[in-house]
Each structure stands twice: as structure tokens, then as C-alpha cells.
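Everything below concerns the one structure shown next.
Reminder, nothing fancy here: chain letters follow the sequence lines and each chain counts from 1.
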There are 2 protein chains.
Amino acid sequence: MRNDTEEQPRTPPRTPPAAAEAHRAELEATLRANGHRVTEPRRAVWAALHRASEHLTVEELTAEITAVGADVDLASVYRTLDLFEQLGLARMSRLGDTDAGRWELAHPDEHFHLVCLVCGNVDHHVGSLVAGIREHLEQGHGFEPERVELVVSGRCRRCREDGQT
Amino acid sequence: MRNDTEEQPRTPPRTPPAAAEAHRAELEATLRANGHRVTEPRRAVWAALHRASEHLTVEELTAEITAVGADVDLASVYRTLDLFEQLGLARMSRLGDTDAGRWELAHPDEHFHLVCLVCGNVDHHVGSLVAGIREHLEQGHGFEPERVELVVSGRCRRCREDGQT
DNA sequence: CTAAATGCAAACTCTTTGCAGATCC
DNA sequence: GGATCTGCAAAGAGTTTGCATTTAG
């Protein structure tokens, strides 16, 4: 009764589906590990984020999802993205120019350095900053960033509080 | 018929008023030079931007203005700020986090570098990016930036268009 | 079965716009 | 005097929220 065209083969198929599998598993693991449920809208948003080549607005993301057959409400997409952000799975940015927020998968490799001129401490920071810079340049300047080196020197919170203003 | 309490003294007064004078003159010159009128709302917004120590939302800016006795409509503040932005007098930023845009005077010294890995060209860019980074760090991390060094390497627009994708 | 998540619609925030009347030059 | 600006109020985007219904575990 088994039908090859409907069931997944035992050997890994062509790359895209295999990757999709891995992504799906990653999502489910993260959700479950944090006590959240695995639902259709969440899978759909996750898949759309992976398919997207650019940072998408919530509206675009939703369109992407319905285009693939699924049907998710805007509100659910918003809620799902907020959750993903909490879980460190996705990230929003909006750099000065644009009105609507744009979403992307969170890449843990984006970081920058904060150097304190008082105590000499160097802080490695992961955050939306570098992603935001990339986006800004790509959209506003037509520049394709490969490496973003951001070093900010100044006074860290601790030294501000200790020292005289 | 001349009255000292109403006319400006011939010698420069205490510093703050003198600075305010200079600011006012700068605004008027810029406006007139570009064929715009000098109006009360524009003066008020300009003064408020100078008084502000931080980047303010339109709402805060308006409150600041009414607090000083003047009375300006929100819509006019929006229109005025748009004009100031066009004239290079003010700048808005909004870094990922915040919802409402925040305004500040435009400081021409904020710049960063774009290095093209293909043609080797180094572009000095003035823009809202550095200001946005400062704001982000100050508000989100309690870090007081003194120097922001941003170097982005990648492919410039020209090389992207010329070369193979 | 029950808590959690979704869809729908209404509410909210920030910003823009149309227009009549006020203002600058 | 005439084009430019302003204030007011209404409309627009983008996002959030309340609540009844559905769904995952």
C-alpha cells in the first residue's frame, strides 16, 4: 500500500527537502523545549522565513505563506514572530528609513564590540545592530555587505555609574 | 523712544541667549536660502531640537514646545521635521527596538566607511547609521559611545551590476 | 479534557493628508 | 495680494488585543 510519490524515501532526498526537514526539526525542538506547542501557523512562518531570500515585512511573509497553500491570519503571524524573537529564532529590524518592520532568521554570528575606555573591558555583543546595518546598506545604498566591523568605544554602564559624570 | 529692556543690547548678552540667537539665524538663513518661509512653528521646533539633550519623538518634541508657551499642532511638527530633514538640518532614527521615530539635529560629522572588495574603492558615507548606533547603545545597553567605528566591506553597487551575481 | 493557540474584528499608535483659514513676504 | 503654512479633523499604515472557537498534547 505504500506509495513512493507520497512517502518520503528512507534515504535522504535531494538537498532542499532534507534541509527543510532539518529546519522543521529545529523548530519543533526549540518550541517543545520551551513549553510551546507545535502548530501549523508556526511551521508555516518558520518555513517562509527559511525560503525568504530577503528580510520580509509581516505582510509579505503572510503572502508568502498563503501563496504556498496555507492560510494564516496576520495576527497569528505577528504573534508567532514575537514568540520566535523571544526564543532567539528570528529578529526584526527597521533602520530609520522604512516604516514597517522586517523579519529574518536570527543568525547567531552577528556581533560587534563595545570597548570601554575607562576599565578597558571589551564586550562582545550579539544583537540586531549588525543585521540592521546590513539591511540599511543593502536597501539604501545598493551595497552588498560581506563583513561588518563595528567597534564602539566609550564608557560602559558600570563605569558611568561609578565615575563622576 | 528706545527701550533697553525690549531691544537687544549692542554687546552680546550671556552665553545661552547668544547661542540661541546664532541658532535662530542659522535656521532663517537656511530656510530663506531654499525659498521657505520663516514661521513660528519652525522656529519653535528648531529651538526645541537645540534644547533637547536626547533624541525626541514627535510627541515629546511637541510637549517640549507647548511647555515653553508656544502652541504647535502635531501635524505641523511632522511637516516641519520633514522639511528640516530635506534641508539637512535634522535627522530621524529608529533602531529596531522603538516604535516611534526619534529626532535630533543633524551632525555632519557622523560618517562611516564602505569598502568594496572588488574595486577597492572606499566610500565615506554620512548618514543616519552612526547616529542610530549611538542611540541604540545608549538606550539599550547603557553604554555611552564616544567613538563609533564602522567599516563595512562587501561589493558596491557598481561592481554588483557589472560582475556576475 | 484542558490549557494554549488561532482567527476574526475591533482598537490603538504613529504618521500623513485634505482643506479652510491664517500668515509671511 | 497671493502663494505658503498652519490647525483641525479625518484617514491611513502597521501592529496589538479581546474573545469565542479550535487544536495540540
Side-chain angles (χ1 to χ4, degrees), chain A residues 24-25 27-48 55-66 69-87 89-103, chain B residues 24-25 27-48 55-66 69-87 89-103:
Chain A
R24 206 168 58 65
L27 173 66
E28 301 195 357
T30 307
L31 286 175
R32 292 213 166 87
N34 292 83
H36 298 285
R37 293 180 178 177
V38 177
T39 67
E40 189 41 40
R42 288 172 181 172
R43 264 204 273 264
V45 170
W46 185 242
H55 309 344
L56 302 180
T57 63
V58 172
E59 203 111 23
E60 291 165 346
L61 211 38
T62 307
E64 245 293 300
I65 290 169
T66 56
D71 182 34
V72 195
D73 192 72
L74 258 192
S76 298
V77 176
Y78 275 105
R79 284 187 279 229
T80 297
L81 288 170
D82 286 348
L83 176 63
F84 284 4
E85 189 166 50
Q86 280 178 49
L87 299 176
L89 295 172
R91 171 152 60 213
M92 191 211 61
S93 62
R94 150 163 69 184
L95 225 84
D97 345 74
T98 18
D99 36 351
R102 301 191 152 267
W103 292 84
Chain B
R24 205 168 60 63
L27 173 66
E28 300 193 359
T30 307
L31 286 174
R32 291 213 165 87
N34 291 84
H36 298 287
R37 293 183 177 174
V38 177
T39 68
E40 188 41 40
R42 289 173 182 171
R43 265 203 273 263
V45 171
W46 185 242
H55 309 343
L56 303 180
T57 64
V58 171
E59 204 110 26
E60 292 166 344
L61 210 39
T62 307
E64 245 292 302
I65 291 169
T66 54
D71 182 34
V72 194
D73 192 71
L74 257 192
S76 298
V77 177
Y78 275 104
R79 285 187 279 229
T80 297
L81 288 169
D82 286 347
L83 176 62
F84 284 4
E85 188 166 53
Q86 279 178 48
L87 298 176
L89 294 172
R91 172 153 58 214
M92 191 211 62
S93 62
R94 154 163 66 184
L95 226 86
D97 346 74
T98 19
D99 36 350
R102 300 190 154 267
W103 292 84

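Side-chain contact check for A:Val72 versus A:Thr66: every heavy-atom pair is 4.5 Å or farther apart. B:Gln86 is not listed as a side-chain neighbour of B:Asn34, based on a closest heavy-atom distance of 4.5 Å or more. In this structure, the side chains of A:Leu89 and A:Leu83 stay at 4.5 Å or more apart for every pair of heavy atoms. The shortest side-chain heavy-atom distance between A:Thr62 and A:Val45 does not fall under the 4.5 Å cut-off. Counting heavy atoms from C-beta on, the side chains of B:Leu31 and B:Leu87 come closer than 4.5 Å. Side-chain contact check for A:Leu27 versus A:Phe84: some heavy-atom pair is nearer than 4.5 Å.
Judged by closest nucleotide on DNA chain D, B:Val77 is the one of B:Val77 and A:Gly101 placed further toward the 5' end.
Under the side-chain contact (heavy atoms from CB on, under 4.5 Å) criterion, A:Ala47 pairs with A:Arg51, not counting sequence neighbours. The side-chain contact (heavy atoms from CB on, under 4.5 Å) search around A:Asp73 returns A:Ala75, A:Ser76, not counting sequence neighbours. In this structure, B:Arg79 has no side chain to side chain donor-acceptor pair (under 3.5 Å) partners at least two apart in sequence or on a different chain. Partners of B:Trp103 by ring-ring contact (aromatic ring centres under 6.0 Å, His included), not counting sequence neighbours: none found. Shown here are the salt bridge (charged side-chain N to carboxylate O under 4.0 Å, His left out) partners of B:Glu85, two or more places apart in sequence or in another chain: there are none.
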Given protein heavy atoms under 4.0 Å, the one-letter contact record of nucleotides 16-25 of chain D, with B base, S sugar-phosphate only and - none, is simply BBB----BBS
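In the helix from C:dC1-D:dG25 to C:dC25-D:dG1, the end axes, each obtained as the rotation axis mapping the C1' atoms of four pairs onto the next four within a five-pair block, lie 30° apart to the nearest 10 degrees.
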- Start with the C-alpha gap between B:His55 and B:Met92, add the side-chain angles, then the distance that decides, and say whether side chain to side chain contact (heavy atoms under 4.5 Å, CB included) holds. CA-CA 9 Å; B:His55 309 343; B:Met92 191 211 62; over 6 Å; no
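Scanning DNA chain C 5' to 3' for nucleotides with an atom closer than 4.0 angstrom to a non-hydrogen atom of chain B gives a first and last hit of C:dC14 to C:dC25.
At a non-hydrogen distance threshold of 4.0 Å, nothing from residues 57-65 of chain A comes into contact with DNA chain C.
The nearest whole Å value for the distance from the CG atom in B:Asp71 to the P atom in D:dT6 is 13 Å.
Applying the salt bridge (Lys or Arg N to Asp or Glu O under 4.0 Å) test to residues at least two apart or on different chains, the pairs with a partner in residues 30-47 of chain A are A:Glu28-A:Arg32, A:Glu28-A:Arg43, A:Glu40-A:Arg43.
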